[in-house]
Enquirer: 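My structure is below; once you've seen it, I'll send some questions.
The model shown is predicted, which means the values in this text are computed figures rather than measured ones.
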Amino acid sequence: MDWIHALILGLVQGLTEYLPVSSSGHLTIGQEILGVSGEDNLAFDVVVHVATVMSTLVILWREVDWIFKGLFKFKMNDETKYVLNILVSMIPVGIVGVFFKDKVEEIFGSGLLIVGIMLLVTAALLTFSYYAKPRQKSRISIKDAFIIGIAQACAVMPGLSRSGSTIATGLLLGNKKEKLAQFSFLMVIPPILGEALLDVMKAAKGENVFGSIGTVPLLVGFLAAFVSGCFACRWMIDIVKKGKLIYFGIYCAIIGAAVIIYSLC
């Protein structure tokens, strides 16, 4: 992978991480088109995902600041409850990461067919959530946070959008649109940073977790994902508030069908 490939894939990651179209699926498609598929891509994926986490912190810094200020009051308040919801949402993806990590990595290398199928699943989920009209709740409960966390854990499948799955699940549970996008973007921060920390620890022990990818491509990919992620994060929050997810469902259906046909030809 050279720096041009890294630039393109970084932009793809940054733009699609927040849009409900599956960043992992689009990364897989992009890697296939550019001819850079291989075992080294997992390390690159981790780096660009960390970049989008950083863009989340930049765009949602007021919410992050509100959370930390509330935590340091050392009492049960709205901020503490919000953090508890995030921690609960991490349980399913934590279980998947600990017990099924090798299986997930195997699935990520299984080709485009699974990506196309999961894009169709994403399209169906977005469409269903658009037409469903559940009763609106005042806040996200711990139970809802756990169910949304299950949706996030399922979205480790390439092609199944994490933001699409978590936001659509939250909408089906009756949570307000303006709260869901922020929660969806914040809840992914701990798992991604945890994965990155594990890779750093492995590197410190002398394990080659970054494969043959050089420093320049990793840096270019990181910067591209960070900058594009800042734009996409703000844009997606506005889109969710306006309830325009159905258009992304149509997009996922078209791309998913195209990918399946391509993989079978």
Side-chain angles (χ1 to χ4, degrees), residues 5 8-38 41-42 44-46 48-49 52 92-93 96 100 103-132 147-172 180-181 184-185 187-188 191-192 225 228-229 232-233 235-236 239-240 243-265:
H5 294 149
I8 296 172
L9 294 175
L11 290 173
V12 169
Q13 163 62 27
L15 292 173
T16 59
E17 172 64 26
Y18 300 102
L19 302 181
V21 296
S22 177
S23 62
S24 61
H26 278 72
L27 273 179
T28 301
I29 294 171
Q31 289 163 354
E32 288 284 345
I33 292 175
L34 295 174
V36 293
S37 300
N41 291 336
L42 186 60
F44 179 82
D45 292 353
V46 171
V48 293
H49 273 84
T52 50
V93 75
V96 171
F100 304 103
K103 189 65 177 179
V104 170
E105 292 179 359
E106 179 183 332
I107 292 174
F108 267 85
S110 57
L112 288 179
L113 181 60
I114 186 66
V115 173
I117 294 173
M118 289 299 104
L119 280 170
L120 293 183
V121 174
T122 298
L125 186 58
L126 291 173
T127 302
F128 188 55
S129 67
Y130 177 78
Y131 288 106
I147 297 175
I148 294 172
I150 293 176
Q152 176 175 245
C154 292
V156 298
M157 297 287 288
L160 186 57
S161 169
R162 188 202 63 80
S163 63
S165 298
T166 54
I167 292 173
T169 300
L171 290 174
L172 292 172
L180 269 173
S184 173
F185 298 157
M187 67 184 282
V188 75
I192 291 179
S228 58
C233 182
W235 185 33
M236 184 58 188
I239 289 173
V240 173
K244 302 296 185 180
L245 296 181
I246 185 63
Y247 300 113
F248 293 100
I250 296 172
Y251 170 84
C252 287
I254 294 172
I255 297 300
V259 169
I260 290 174
I261 293 173
Y262 174 82
S263 65
L264 294 177
C265 291

Enquirer: To check you understand the geometry: which heavy-atom pair defines the closest contact between Thr122 and Cys252, and what is its length?
Expert: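 Where Thr122 meets Cys252 most closely, the heavy atoms are CG2-SG, 3.9 Å.
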
Enquirer: Say you draw a straight line from OG of Ser165 to CG of Leu126; how long is it, rounded to the nearest 0.5 Å?
Expert: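 So the OG of Ser165 and the CG of Leu126 are separated by 7.5 Å.
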
Enquirer: For Ser184, check side-chain hydrogen bond (donor to acceptor under 3.5 Å, both in side chains) against everything at least two apart and list the hits.
Expert: Thr166

Enquirer: Quick one: pull up OG in Ser22 and CE in Met118 and give me the separation to the nearest 0.5 Å.
Expert: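 Those atoms lie 10.0 Å apart.
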
Enquirer: Give the minimum heavy-atom separation between Ala225 and Val48, together with the two atoms involved.
Expert: CB-O, 3.7 Å

Enquirer: Do you know which of Ser228, Ser161, Ser23 makes side chain to side chain donor-acceptor pair (under 3.5 Å) with Glu17?
Expert: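 Only match with Glu17 under side chain to side chain donor-acceptor pair (under 3.5 Å): Ser23.
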
Enquirer: Met157 and Ile114: which non-hydrogen atoms are nearest, and at how many Å?
Expert: CE-CD1, 3.7 Å

Enquirer: Got a donor-acceptor contact below 3.5 angstrom from the Ser163 side chain to the Tyr18 backbone?
Expert: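 Yes.
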
Enquirer: How long is the span from the CG atom in Leu113 to the CD1 atom in Ile261, to the nearest 0.5 Å?
Expert: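 Here the interatomic distance stands at 12.0 Å.
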
Enquirer: Between Leu160 and Val121, which heavy-atom pair has the shortest distance, and what is it?
Expert: CD1-CG1, 3.8 Å

Enquirer: State the CD1-CG distance between Ile254 and Leu119, to the nearest 0.5 angstrom.
Expert: 11.5 Å

Enquirer: In sequence, state the C-alpha distance, the side-chain angles, and the governing distance for Ile167 and Met236, and then conclude on side chain to side chain contact (heavy atoms under 4.5 Å, CB included).
Expert: CA-CA 11 Å; Ile167 292 173; Met236 184 58 188; 3.9 Å; yes

Enquirer: Return the CG to OH distance between Leu171 and Tyr130, rounded to the nearest 0.5 Å.
Expert: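 One finds 12.0 Å between CG of Leu171 and OH of Tyr130.
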
Enquirer: Side chain to side chain contact (heavy atoms under 4.5 Å, CB included) for Leu19 and Trp235? Distances and angles first, verdict last.
Expert: CA-CA 9 Å; Leu19 302 181; Trp235 185 33; 3.7 Å; yes

Enquirer: Measure the spacing between OG1 of Thr169 and CD1 of Ile150 and express it to the nearest 0.5 Å.
Expert: 9.5 Å

Enquirer: For Ile255 and Val21: C-alpha separation, side-chain torsions, deciding distance, then whether side chain to side chain contact (heavy atoms under 4.5 Å, CB included) applies.
Expert: CA-CA 9 Å; Ile255 297 300; Val21 296; over 6 Å; no

Enquirer: Can you name the closest pair of heavy atoms from Ala123 and Gly249 and give their distance?
Expert: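 That closest heavy-atom pairing would be CB-O, 3.1 Å.
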
Enquirer: Could you give all pairs that pass the side-chain hydrogen bond (donor to acceptor under 3.5 Å, both in side chains) test and reach residues 246-261, with sequence neighbours left out?
Expert: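 Listed once each, the pairs are His26-Tyr251.
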
